[in-house]
2 protein chains.
Amino acid sequence: MDKADYEALSARLKALAHPERLRILDVLRREPECVCHLEALLGKPQPYVSQQLRLLREAGVICDQKQGQNVFYRVCDPEVLAWLDAFMGPVDGSTYEHHEIVAACVCPKCAPLVPPLAA
Amino acid sequence: MDKADYEALSARLKALAHPERLRILDVLRREPECVCHLEALLGKPQPYVSQQLRLLREAGVICDQKQGQNVFYRVCDPEVLAWLDAFMGPVDGSTYEHHEIVAACVCPKCAPLVPPLAA
DNA sequence: CTGATAAATGCAGAACTTTGCATATATTTA
DNA sequence: TAAATATATGCAAAGTTCTGCATTTATCAG
């Protein structure tokens, strides 16, 4: 490791070292989510959420993919995925708050979860 | 993980997310060192080094142990030790710069390395 | 084309970190 | 006790990050 390596590493760690960003990553490491879900999850205004996402995107930690009206984000750095497991434990396939969060959402991902209107 | 967990995690990551502190930890994860060695290693003034050490100490990442005139620091959080391996790879027992650094040092650790004066 | 919705961007003030420097403390040696 | 050495602390200026808010862009549905 030379000076540049320590700097690159510290830059990536700085991107992670923030409570709301860790919370975002804890969701994104399970499955991709659109901004509207993260907004609901954090209970913060949309520009705030987009800003944290931008920072993570510019640090190369997450990637975005547009899908219709929505933008889906995922953790795209496999090394960071491994770090997140080390920080927070491996993902448990069990009780995931996702379904609560998105009950009211109509983005392509949620639509199938919402029961048909008057069935 | 609740809000407080994300905050505690981010506080510890903030302590690590700094190039000189990572460099210090990369040395300390191998073996304990006194401040004078770290000063020689970084080539930074002593108060600067002590300040980074204080920050790491207050974050609970390293511990100090006084030994005569010197203070030896080591990584005392086993979880952080594992993180450091994940960030920088496991320690290789091979060429370690320790011996170069301390050639001119007379602290208890180094004294045995220095050849007797006019043998 | 218009209006609605999803997301991104820009900016400014507050808060926090970083770093350099002067000084303090504590231990040892003479 | 005095001088020397190792380390810690306090403080202030410069730099960076954080957050809230106003605005912009892009896409989709009518």
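Per chain, numbering begins at 1; letters A, B, ... match sequence-line order.
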Inset, instruction - Rounded to the nearest angstrom, tell me the gap between atom CD in Glu33(A) and atom P in dA7(C). - result: 11 Å

Legend entry - Nearest-nucleotide pick for His18(A), side chain only, options being dC18(D), dA26(C), dT7(D): dC18(D)

Legend entry - Below 4.0 Å: OP1/OP2 of dG20(C) and any side-chain N or O of Tyr48(B): no

Legend entry - Close side-chain approach of Leu9(B) and Leu16(A), heavy atoms under 4.5 Å: no

Inset, instruction - Could you tell me the separation between the CD atom of Glu58(A) and the P atom of dC18(D), rounded to a whole number of Å? - result: 13 Å

Inset, instruction - Give one of base, sugar-phosphate or nothing for Pro45(A), where a contact means two heavy atoms less than 4.0 Å apart. - result: nothing

Legend entry - Separation of atom CD in Gln67(A) from atom C1' in dA6(C), rounded to whole Å: 14 Å

Inset, instruction - Kindly point out which of dT7(D), dC11(C), dA8(D) is positioned nearest to the side chain of Gln51(A)? - result: dC11(C)

Legend entry - Proximal nucleotide (of dT27(C), dA8(C), dT27(D)) relative to the Arg57(A) side chain: dA8(C)

Inset, instruction - Determine the minimum heavy-atom distance between Pro78(A) and Cys76(A), stating which atoms define it. - result: CD-O, 3.4 Å

Inset, instruction - Give the rounded distance in Å between these two atoms: CG of Leu42(A) and P of dA7(C). - result: 13 Å

Legend entry - The single option from Ile24(B), Asp26(B), Leu25(B) passing side-chain contact (heavy atoms from CB on, under 4.5 Å) against Tyr6(A): Asp26(B)

Legend entry - Atom-pair distance (CD on Gln65(B); P on dA6(D)), nearest Å: 19 Å

Inset, instruction - Check whether any side-chain N or O of Asp85(B) sits under 3.5 Å from a backbone N or O of Ala82(B) as a donor-acceptor pair, and report yes or no. - result: no

Legend entry - Closest listed nucleotide, where the reference is the side chain of Gln69(B) and the choices are dT9(C), dT5(D), dC28(D): dT5(D)

Inset, instruction - Keeping the roles fixed (side chain from Arg21(A), backbone from Ala15(A)), state whether a donor-acceptor pair exists under 3.5 Å. - result: yes

Legend entry - Glu20(B) CD - dT19(C) C1' separation (whole Å): 11 Å

Legend entry - Lys14(A) or Tyr73(A), whichever maps to the more 5' nucleotide of DNA chain C: Tyr73(A)

Legend entry - First encountered from the 5' end of DNA chain D, between Gln46(B) and Arg21(A): Gln46(B)

Legend entry - Among dC21(C), dT7(D), dT19(C), the nucleotide that comes nearest once only the side chain of Gln52(B) is considered: dT19(C)

Inset, instruction - Measure from CG on Asn70(B) to C1' on dT28(C) and round the result to the nearest Å. - result: 11 Å

Inset, instruction - Calculate the interatomic distance between Phe72(A) atom CZ and dA8(C) atom P; express it in whole Å. - result: 12 Å

